[in-house]
Amino acid sequence: YKVRLFTYGTLKKEGRLAALLGNGKFLGEYYTLHSVFDLVDYHNAFPIAYFKQQREKGMSIKGELYEIDLKTTDTINRMESNADYTPIIVDLINEEGVLTNAMMFVNVENEEHMKAVGFTQRNIVNEKGHKEWINWGEH
């Protein structure tokens with residue numbers, strides 16, 4: 001069995017945790033189809049995706065799609081769950097208009113919590129209706 005995983009931060013190709021993907025197959029760059037998320041940067045270390053408040057429109061997130069085996073899925077799930085992320089299934093689209101879905105990890109805290117803790121937009125690029133996390137220190 002294989003699982004599709006949408007990555008938007010440290011698990012991306014150039015990210016410091018990319019090795020956790022093992023022999024995962026890169027399927028391309030994708031965007032979340034529904035603009036219900038926001039993305040913040042935690043101390044120049046990693047991004048946190050979370051749901052925007054229902055009355056506000058969020059942004060699409062740009063990331064990478066991988067196909068991974070169950071052992072790799074378990075490893076990543078354990079790591080992400082220990083960091084207070086929850087796996088969800090999201091709809092994705094690529095530049096060619098190909099639709100698919102995949103597992104993505106999000107934080108369930110609300111926007112007020114993110115602001116109160118003081119997360120920033122430092123490594124967040126906002127363009128063409130989507131957000132992308134680029135940690136310049138990793139490149």
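Computed from a predicted model, the values in this text were never measured in an experiment. Along the sequence shown, the residues carry numbers beginning at 1. Side chains included, hydrogens not; waters and symmetry mates left out as well; all remaining heavy atoms used.
Here the closest non-hydrogen pair linking Ala18 and Lys12 is CB-O, 3.2 Å. Across all their heavy atoms, Asn94 and Val98 have their closest contact at OD1-N, 2.9 Å. Across Gly9 and Pro47, no two heavy atoms sit closer than the pair CA-CG, 3.5 Å.
The closest donor-acceptor contact from the side chain of Glu64 to the backbone of Tyr30 lies at 3.5 Å or more, if one exists at all. In this structure, the side chain of Arg4 does not engage the main chain of Leu65 through any donor-acceptor pair within 3.5 Å. The closest donor-acceptor contact from the side chain of Asp74 to the backbone of Leu70 lies at 3.5 Å or more, if one exists at all. Checking side-chain atoms of Ser60 against main-chain N and O of Thr32 turns up a donor-acceptor pair under 3.5 Å.
Taken to the nearest 0.5 Å, the CD atom of Glu80 stands 10.0 Å off from the CG atom of Asn82. Here the straight-line distance linking atom CG of Asn23 with atom CG of Asp69 works out to 7.5 Å at 0.5 Å rounding. Annotation: the span from Ile93 atom CD1 to Leu99 atom CG amounts to 4.5 Å, rounded to 0.5 Å. Interatomic distance, Tyr85 OH to Met79 CE, rounded to the nearest 0.5 Å: 8.5 Å.
Considering only heavy atoms from C-beta on, Thr72 stays 4.5 Å or farther from Tyr66 through its side chain. A heavy-atom distance below 4.5 Å is not found between the side chains of Met104 and Thr7. Counting heavy atoms from C-beta on, the side chains of Phe6 and Ile61 come closer than 4.5 Å. Side-chain contact between Ile76 and Leu5: present, with at least one pair of heavy atoms (C-beta onward) separated by less than 4.5 Å. Taking 4.5 Å as the limit, some side-chain heavy atom of Asn77 sits within range of a side-chain heavy atom of Pro87. Counting heavy atoms from C-beta outward, Met103 and Ile88 have side chains that stay 4.5 Å or more apart. Residues Leu39 and Ile48 form no side-chain contact, since every pair of their non-hydrogen atoms from C-beta on lies 4.5 Å or further apart.
For Phe105, the ring-ring contact (aromatic ring centres under 6.0 Å, His included) criterion is met by no residue, not counting sequence neighbours.
Put simply, the residue from Leu11, Leu20, Leu21 that forms a side chain to side chain contact (heavy atoms under 4.5 Å, CB included) with Ile68 is Leu21.
Residues Leu33 and Tyr50 fall into different hydrophobic clusters, defined by Ile, Leu, Val, Met, Phe, Trp and Tyr side chains chained together at heavy-atom separations under 4.5 Å. Placement of Val40 and Val106 within a single hydrophobic cluster is found when ILVMFWY residues are connected by side-chain heavy-atom separations under 4.5 Å, directly or transitively.
A cation-pi arrangement is not found for Lys62 relative to Tyr8, the charged atom failing to lie both closer than 6.0 Å to the ring centre and inside a 45° cone about the ring normal.
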